[in-house]
Colleague: 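What follows is a single structure, and I will ask about it in a moment.
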Amino acid sequence: MSDNGTFKPVIVGFLCNWCSYRAADLAGTSRMGYPATLRDIRIMCTGRLDPTFVLRALQKGADGVLIMGCHPGQCHYQEGNYKAIRRFALLKRTLRQLGLEEERVQLHWASAAEGVRFAETVTRMTKEITALGPLDWSHNWPNEDPYALEEAAHE
Amino acid sequence: MSDKKGKLGLYWASSCGGCEIAVLALHEKILDVAAAFDIVFWPCVMDFKYEDVEALEDGEIDVCLFNGAIRNDENAHMAHVLRQKSKVLVAFGACSFGGSMPGLANFTDKDAMFDWIYKQSPSTDNPQGTLPQKHSQVPEGELTLPNFWRTVKTLAQIVPVDYYLPGCPPEAHQIEAAVTAIVTGQLPPPGSVIGPDVTVCDECSRTKNEKKIKHFYRPQEIIPDPDVCLLEQGLFCAGIGTRSGCGALCPQVGMGCRGCYGPNEGVLDHGAKILTGIASVLDANTPEEVDKILDTLPDPAGYFYRFHLPQSLLRRRALGNGQKQTAKTGEAT
Amino acid sequence: MSEQRVGVYVCHCGHNIAGTVDVEHVAEWSANLPNVVISRDNKFMCASTGQEQIEEDIKEFDLTHVVVASCSPHMHEKTFRNACARAGLNPYLFEMANIREHASWVHASDKDGATNKAKSLVSAAVHRVIHQEPLQPMQVDIRPETLVVGGGIAGIQTALEIADAGYHVYLVEREPSIGGHMAMFDKTFPTLDCSACILTPKMFDAGSHPHITLLSYSEVEQVDGYVGNFTVRVRRKARHVDEDLCTGCGSCWEKCPIKVIDTVFEAGLGSRKAIYRPFPQAVPKYPIIDVENCTYYKSGKCRMCEKVCPTEAIRFDQEDEILEVEVGNIVLATGFQLFDPRRIPNYGYGRLENVFTNLEFERLSNAAGPTEGKIVLRDGVTEPESVAIVHCVGSRDKNYNSHCSAICCMASLKFAHLVMEKTGAKVYNFYIDMRSISKGYEEFYHRIMEEGASFIRGKVSEITDAAHTPEEEGKLILVCEDTLIGRPRRVPVDMVILSAGLEPRADAQEVGYMFGAGCGDTGFFTERHPKLDPVATVTEGVFIAGACQGAKDIPDSVAQGAAAAARVLATISKKQVNLEPVRAEIDESRCSGCRICNNMCPYHAIDFIEADGVSRVNPALCKGCGTCVAACPSQVINGAHFTFDQLIAEIDGIMVDVTAGALEVV
């Protein structure tokens with residue numbers, strides 16, 4: 001998909017089991033529409049989020065990554081989301097140095113009761129990523145090896 | 001010369017030469033190497049020509065220790081040649097394993113780098129703005145330079161690699177162990193990193209406590225307690241997420257681990273592991289407080305990916321708009 | 001690794017999924033995913049035929065893993081895990097893709113998008129599931145003793161239920177007597193029985209029960225261990241009275257020369273002595289010395305109580321005692337606190353003297369209270385001729401507490417009744433909505449209306465003594481918009497009662513942290529499931545009952561207390577409990593002892609083993625959040641069922657090109 005107006009971003013979501021995943025469930029049971037851009041993965045807590053997962057999603061072609069957990073102070077495991085805050089802050093600085101736009105990777109909160117907030121967050125992020133265009137990370141890795149190029153040309 | 005003697009090749013691609021010194025640091029053990037192998041290629045130390053190695057039969061070299069990253073056509077050419085000529089190809093040292101210092105160029109781009117090196121840097125005097133040319137005509141004929149890539153790659157990203165020997169440079173005792181393993185045929189499964197699967201903390205004698213980081217210091221800012229974990233004292237140390245084998249050389253002398261041995265087994269992204277370890281123990285729970293602490297850690301990506309940026313998941317900084325896809329083996333500027 | 005054989009089942013859920021997602025296409029497409037040997041669609045996977053299909057296929061196709069794409073795992077994960085288990089497949093070799101709540105129901109206007117998303121979620125599950133490993137729940141023994149924290153009606157009920165079943169209970173109460181808020185009330189709605197009359201027998205039972213150790217005037221300081229085996233440290237604060245000798249005769253507080261305003265039990269309207277028993281029916285009956293106000297502790301003199309005590313029970317040198325108890329289960333019944341109406345300055349509480357709180361009114365109206373049940377103004381003599389009752393004070397208000405306090409409507413009606421009955425005063429109720437949802441409540445509402453109380457629908461914006469007219473002189477004027485007639489009103493009265501809302505206790509967060517129970521966005525303790533598991537918490541063996549879980553009235557508190565007791569008794573009678581195997585484990589052979597993980601765990605499950613230089617997770621304490629797993633810089637902590645490999649595979653699976661490899665429908 002290219003940036004000719006039909007670009008529909010792919011956003012990989014990491015949702016905590018207790019708050020944001022349930023918020024997504026609630027958005028579903030309440031039939032709140034939002035763009036079909038988010039592909040979500042359930043983790044028990046945002047504290048489980050290894051920054052490697054975010055990098056992996058981007059490497060594999062995601063246009064954005066959305067991490068959502070319980071509101072600060074309301075973590076199901078008391079303080080897992082504080083660890084997520086810390087890692088996210090450092091990851092954001094690291095990704096900035098790798099030339100990634102701020103909007104590509106976001107951390108938000110939604111309680112199990114906040115289906116609306118969940119749907120709004122996905123909608124807003126989709127708009128932001130659509131405006132940025134595709135990330136296409138694999139294209140940052142040009143094949144410059146003349147031998148490999150030659151071989152590819154033969155095939 | 002007995003028939004049983006194996007053939008050894010050593011090569012340096014984009015590297016500093018430290019790995020060559022490391023081989024010599026085997027001291028008298030180098031004689032064992034010489035006893036076990038005929039050295040058929042070692043351009044740093046002996047006079048070989050590329051034609052010599054190109055003339056060998058495929059697979060004629062028993063073991064090739066290849067150091068250095070792949071940064072231009074010449075490096076890639078030799079990687080392909082040596083892969084073809086060698087039974088066992090070892091990515092030797094941090095550059096061929098992870099990209100290392102040359103790989104830091106992936107934080108920028110070739111054009112920006114050339115501009116700085118050949119035009120802007122204060123020590124440069126280049127009023128004509130001359131840049132290296134792939135082809136230049138001189139009275140004697142045409143001179144060529146190998147094409148300089150936009151992106152630094154690791155050896156394994158160019159050709160299949162059998163073993164990895166990490167380190168900047170690999171420690172003599174590990175080279176010795178690897179050579180012994182090769183000589184005696186006791187090699188680990190192909191694709192292995194040769195070395196222990198624990199981190200630098202395992203070998204570091206400093207006392208470790210529960211960690212809480214309130215502030216980061218540069219090494220010149222404080223005199224650290226000689227007995228306590230450096231990270232706990234606010235000094236950046238990549239040892240928590242870096243493979244051991246070096247004997248914790250840097251932390252033992254008060255300098256945080258730089259991360260040259262790369263990640264543990266199973267890790268996909270070395271930087272991400274150091275990042276998560278350090279971020280986890282920041283002593284703050286709000287974005288504002290966390291940012292305040294992180295302001296004392298300049299250039300985090302540089303710290304996390306000092307030795308392994310090309311080998312990481314994202315491999316380099318994003319190319320600017322219009323640079324993607326079209327980036328081919330274009331002419332040098 | 002032996003051959004992986006995955007079965008995929010895509011559910012129509014009637015029209016719920018199939019109306020939006022091209023279910024048949026998803027099933028056909030999924031058949032080409034790696035390791036998939038059978039892929040089907042089905043009208044209702046959760047129906048017995050759907051489940052049987054899985055069971056048959058596991059046997060027929062020798063499936064090693066199963067993926068069901070249907071609703072949220074919170075809905076039917078257990079259902080399908082059980083189906084797998086019935087067919088002999090370990091339930092943890094099952095994975096679910098949520099294509100209803102997360103796809104069909106939210107992308108109804110984008111059928112292609114919904115179908116693509118469903119494909120990607122199925123692919124994620126298929127990629128992930130082959131890395132899943134069989135897991136076994138961990139079994140731990142359950143000690144039969146129980147700790148109940150809080151001696152209000154919910155805690156008393158819990159303690160009695162468990163003790164009556166023959167198991168020992170430690171009932172810890174912070175105040176000198178059990179009874180909680182209910183002991184302060186005059187009458188209870190809607191039956192109007194006397195609160196003390198129905199509560200006191202229960203208090204007495206709890207105080208004298210052979211299976212209850214009552215630890216009043218005590219607080220829990222530390223909790224260690226895990227379900228079945230908690231060790232709890234309790235501080236027994238010094239009463240300065242020897243309970244073995246004291247008979248509760250009352251000579252000491254009769255003779256004590258120091259009068260202190262009682263801000264706890266009498267809500268500041270009455271007084272007590274420096275040595276006192278909070279109220280006549282207090283359990284236990286022993287008094288305590290208030291060292292803040294006692295002359296002896298200030299000047300070393302007086303000792304009147306000591307002189308008059310016939311059994312020589314006064315102990316000025318008594319110190320706090322630390323007690324350690326071992327229990328298998330814990331029930332938190334720590335109750336609520338009242339909203340402080342001073343936080344709404346425009347209501348004038350604390351400034352306008354005849355503005356009362358609901359608790360003050362309870363004490364006024366109580367025959368055992370400071371006015372012996374006479375409803376009078378703050379001067380102590382004048383009966384009001386008109387009374388306003390303001391509902392929802394600090395409740396249902398974004399500025400303070402957004403939740404409904406659940407009891408104020410009914411309590412306000414009760415106040416209306418008591419005022420009219422005792423004084424004949426005119427009563428105005430200012431309400432937002434009337435909520436009378438339980439048995440007998442609506443009838444009570446009608447009764448009070450018939451008794452002549454006025455109801456004004458509108459939120460009071462201000463209570464003032466600034467009169468606009470001669471009739472308003474000397475009165476308190478309530479300013480509001482009467483939303484039924486659509487006009488602002490000013491209603492002058494003699495007395496105002498503020499129905500202050502119920503709030504979580506100020507220390508709920510800390511207490512929750514100590515016991516491993518989290519607090520939700522309103523600050524009350526969070527139940528494991530709001531509908532289906534209302535008294536359990538995320539921590540195994542820790543239950544919640546009463547108003548600490550959310551604002552509720554007495555019948556609901558009692559019901560929850562009994563429910564929590566039933567849960568406790570069930571685990572006690574099972575003698576053992578199964579713990580979810582989703583937990584962390586450190587590969588000690590690869591742990592380098594960096595200690596990054598050590599302070600990741602809020603449950604103190606990670607210990608550093610100094611001798612071996614490695615960290616270790618106590619599996620019974622681990623709740624499986626995975627925070628330490630993600631922190632480990634050498635990646636040697638395994639988070640069961642959410643392993644690194646599983647999650648990476650899920651990411652890789654979710655990113656497959658859903659537009660490629662589509663089957664052509666013939």
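Remember, predicted model here, so these are calculated numbers, not experimental data. Proteins get letters first, then strands, A, B, ... in listed order; numbering begins at 1 in each.
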Colleague: So, taking the atom named OH in A:Tyr147 and the one named NE2 in B:His77, what distance separates them when rounded to the nearest 0.5 Å?
Modeller: 4.5 Å
Colleague: Please step through side-chain hydrogen bond (donor to acceptor under 3.5 Å, both in side chains) for the pair B:Ser280 and A:Arg86, ending with a clear verdict.
Modeller: CA-CA 6 Å; B:Ser280 295; A:Arg86 300 174 195 173; over 6 Å; no
Colleague: Kindly indicate whether the side chain of A:Leu90, heavy atoms from C-beta on, has any atom under 4.5 Å from the side chain of B:Pro300.
Modeller: yes
Colleague: Of the listed residues (B:Ser312, B:Ala279, B:Pro310), which shares the most heavy-atom pairs with chain A below a 4.5 Å separation?
Modeller: B:Ala279
Colleague: Considering only heavy atoms from C-beta outward, does the side chain of A:Pro142 approach that of B:Leu319 to under 4.5 Å?
Modeller: yes
Colleague: Which one of B:Asp299, B:Leu309, B:Asn285 has the most heavy-atom pairs closer than 4.5 Å to chain A?
Modeller: B:Asn285
Colleague: Measuring from B:Arg317:CZ to A:Asn140:CG, what's the distance to the nearest 0.5 Å?
Modeller: 10.5 Å
Colleague: OG1 of B:Thr276 to CZ of A:Phe53: how many Å apart, nearest 0.5 Å?
Modeller: 9.5 Å
Colleague: For A:Trp137 versus B:Leu314, what's the shortest heavy-atom pair and its separation?
Modeller: NE1-O, 2.9 Å
Colleague: Of all heavy-atom pairs between A:Gly99 and B:Ala318, which one has the smallest distance, and what is that distance?
Modeller: O-CB, 3.9 Å
Colleague: Checking the side chain of A:Glu144 only, and the main-chain atoms of B:Trp149 only, is there a donor and an acceptor separated by less than 3.5 Å?
Modeller: no
Colleague: I'd like to know which of B:Leu282, B:Asp269, B:Val290, B:Leu294 tops the heavy-atom pair count under 4.5 Å against chain A.
Modeller: B:Leu294
Colleague: Which pairs, with at least one residue in residues 70-83 of chain A and sequence neighbours excluded, count as a salt bridge (Lys or Arg N to Asp or Glu O under 4.0 Å)?
Modeller: A:Glu79-A:Lys83
Colleague: Mind listing the closest non-hydrogen atom pair of A:Gln97 and B:Phe107 along with its distance?
Modeller: O-CD2, 4.0 Å
Colleague: Can you tell me how far NZ of A:Lys60 sits from CG of B:Leu313, rounded to the nearest 0.5 angstrom?
Modeller: 9.0 Å
Colleague: Relative to chain A, which segment of B:Thr286 carries a heavy atom at a distance below 4.5 Å: side chain, backbone, both, or neither?
Modeller: backbone
Colleague: Side chain, backbone, both or neither: which part of A:Leu91 has an atom under 4.5 Å from a heavy atom of chain B?
Modeller: both
Colleague: My understanding is that only one of B:Leu275, B:Asp291, B:Leu297 makes a side chain to side chain contact (heavy atoms under 4.5 Å, CB included) with A:Arg93; could you say which?
Modeller: B:Asp291
Colleague: List the atom of B:Ala272, the atom of A:Pro51, and the distance in Å for their closest heavy-atom pair.
Modeller: O-CG, 4.0 Å
Colleague: Check each atom of B:Val281 against the heavy atoms of chain A and say whether the ones under 4.5 Å are side chain, backbone, both or neither.
Modeller: backbone
Colleague: Need one label for B:Asp295: side chain, backbone, both or neither, based on atoms under 4.5 Å from any heavy atom in chain A.
Modeller: both
Colleague: With only heavy atoms counted, which part of B:Tyr305 is less than 4.5 Å from chain A, the side chain, the backbone, both or neither?
Modeller: side chain
Colleague: Testing B:Lys153, B:Gln157, B:His80 for side chain to side chain contact (heavy atoms under 4.5 Å, CB included) with A:Asp145, which one passes?
Modeller: B:His80
Colleague: Minimum heavy-atom separation for A:Ile85 and B:Pro287, please, with both atom names.
Modeller: CG2-N, 3.8 Å
